[in-house]
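See below for the structure under consideration.
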Amino acid sequence: MCEWLFYFYLYCFLGWCFESAWVSARTHHPVNRGFMRGPFLPIYGSGALMMLVVSAPFQDNMALTWLAGCVGATLLEYVTGTVTEHLFRVRYWDYSGKFMNFQGQICLSSTIAWGFLTILMTGVIHRPIAELTGRMPAGLLTVVTALLSIYVAVDFGLSFRAALDMREVLDGLESAKLEMERMQERMDTLRTAADKALTEEREELHRKFHLLHERRRQLRNLSDFFRRRLLLDNPGIISARFRNGMEELKESAGEYRKEYMERYRNKSRKG
C-alpha cells in the first residue's frame, strides 16, 4: 500500500512537470498547471495507477495492454471530468471540438493516446521506478510517503475550498446578471411614468440596480490569489452553465496579470 501511494504521488508530480512545461511553452510564461496549489496533478497519478492495474493481466500481449489502457484510462477521464463539472460547474479540459467526442469529456484521439501511453508506462517508464523504489529502505519509504500524504491532503483540501468558492462567485455573477436584466426591463417600462408611486419604484429599482452592479464588480475583482491562479494557470478552463461569468473572470484575471507585469517592469527599470 505504501509503495502504491508513493507511485501515485510521484506520477502526480511528473505529470505536473510535463503539463506545466507544455502549457508554459505554449503561453510563453510560467504556469503552475492544475487544480492543486503545489506541484501535483492527481489526474496523472490516478491515470498512471489505472494503467498499471488494468494492464497487469496482459503484460505479455501488447495489443491487449493497449486496449486495456484505452478503456481504463478513458473511463477514469470521463468520471473525473463529469464529477468535477458537477461539483465545481467548470471543466478543466474540453474535447467538444474534437472528432468523435462524448459530452466534451472524452474523445477518440485521447482514448488512442491513453492506450499507447499505457504501453510506454508499463514497458519503459515504470520498470526503473519500481526497481529504485524497491531498493529504498522500508522505513524511509514509509516516512516519505506519510509526509507526502499529509502535504497532499492539506493542499487538496485548500484547493477544493478555492474551487467551491469559484463556483459561488460564478453563481453570484449569474444571479446578479439575471436580476439586473429583470430590473432593467421594469425600469424601461417605468421610464415615462408620471405617477409618484411609480416614480418612487423606478428610483428604488435604480438604486438596487447600482448595488447589484457594484456587487458584480467586486466578484469580478478576484481578490483571492488562488482564484486568480486557478484561472490563469488553466487557460482552457470553461463553464457550460456560467459561460459569460467565466469569460468575465478570465478577462479580469488577465487584466490583473497585465497590471502586475507592468508594475514589475517599471520597478525593474527604476532598479
Side-chain angles (χ1 to χ4, degrees), residues 1-20 22 33-36 38-88 91-93 95 98 100-153 155-157 159-160:
M1 185 63 183
C2 191
E3 283 188 9
W4 281 100
L5 271 175
F6 180 77
Y7 293 149
F8 173 75
Y9 299 139
L10 178 62
Y11 288 121
C12 284
F13 173 72
L14 294 177
W16 174 86
C17 291
F18 166 75
E19 186 105 359
S20 295
W22 173 254
R33 190 80 164 104
F35 167 78
M36 296 175 64
F40 295 96
L41 273 173
I43 186 64
Y44 279 88
S46 303
L49 296 193
M50 172 68 78
M51 292 174 191
L52 295 174
V53 170
V54 299
S55 65
F58 315 113
Q59 289 300 297
D60 297 327
N61 190 315
M62 186 175 295
L64 290 179
T65 297
W66 176 84
L67 182 60
C70 287
V71 175
T74 298
L75 285 174
L76 176 65
E77 187 174 38
Y78 178 76
V79 171
T80 302
T82 302
V83 171
T84 299
E85 186 171 15
H86 177 74
L87 283 175
F88 307 128
R91 289 186 184 183
Y92 288 88
W93 63 86
Y95 298 135
K98 300 288 187 178
M100 288 188 68
N101 76 86
F102 180 67
Q103 297 179 356
Q105 301 287 5
I106 56 177
C107 68
L108 180 61
S109 59
S110 68
T111 295
I112 293 173
W114 282 124
F116 286 113
L117 188 56
T118 301
I119 294 174
L120 182 66
M121 170 66 71
T122 57
V124 179
I125 298 175
H126 186 66
R127 288 180 181 177
I129 290 177
E131 290 178 5
L132 289 173
T133 304
R135 295 174 187 173
M136 290 178 64
L140 176 62
L141 182 63
T142 301
V143 171
V144 170
T145 304
L147 292 174
L148 284 172
S149 297
I150 294 171
Y151 174 82
V152 170
D155 190 337
F156 184 84
S159 300
F160 189 88

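Since the model is a prediction, treat every value here as computed from it, not as a measurement.
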[X] and [Y]: which non-hydrogen atoms are nearest, and at how many Å?
X    : Y    : answer
L10  : I129 : CD2-CG2, 3.6 Å
C70  : I112 : SG-CA, 4.3 Å
Q103 : R91  : O-NH2, 2.7 Å
Y9   : S149 : OH-OG, 2.8 Å

Any side-chain heavy atom of [X] sitting closer than 4.5 Å to one from [Y]?
X   : Y    : result
T80 : S46  : no
L52 : W4   : yes
Y95 : E77  : yes
M36 : V152 : yes

Task: Distance in Å, C12 SG paired with L49 CG, rounded so as to fall on 0.5 Å steps - done: 8.0 Å

TODO: Measure the acute angle between the ring planes of Y7 and Y11, then classify it against the limits of 30° and 60° as parallel, tilted or perpendicular.
DONE: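 Correct class here is tilted.
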
- [ ] Anything under 30° is parallel, anything over 60° is perpendicular, the rest tilted; go ahead and classify F40 against Y151.
- [x] tilted

TODO: Check step by step if ring pair (Phe, Tyr, Trp, His ring centres under 6.0 Å) holds for F88 and F160.
DONE: CA-CA 9 Å; F88 307 128; F160 189 88; 5.2 Å; yes

- [ ] Would you check if the side chain of S55 reaches a backbone N or O of M51 as a donor-acceptor pair within less than 3.5 Å?
- [x] yes

Open item on the list: Strictly distance-based, threshold 3.5 Å: is any side-chain N or O of T65 a donor or acceptor partner for the main-chain N or O of F58?
Closed with: yes

Task: side chain to side chain contact (heavy atoms under 4.5 Å, CB included) partner of L148, chosen from V144, I150, T145 - done: V144

TODO: Check side-chain contact (heavy atoms from CB on, under 4.5 Å) between A56 and all other residues, then give those that pass, not counting sequence neighbours.
DONE: none

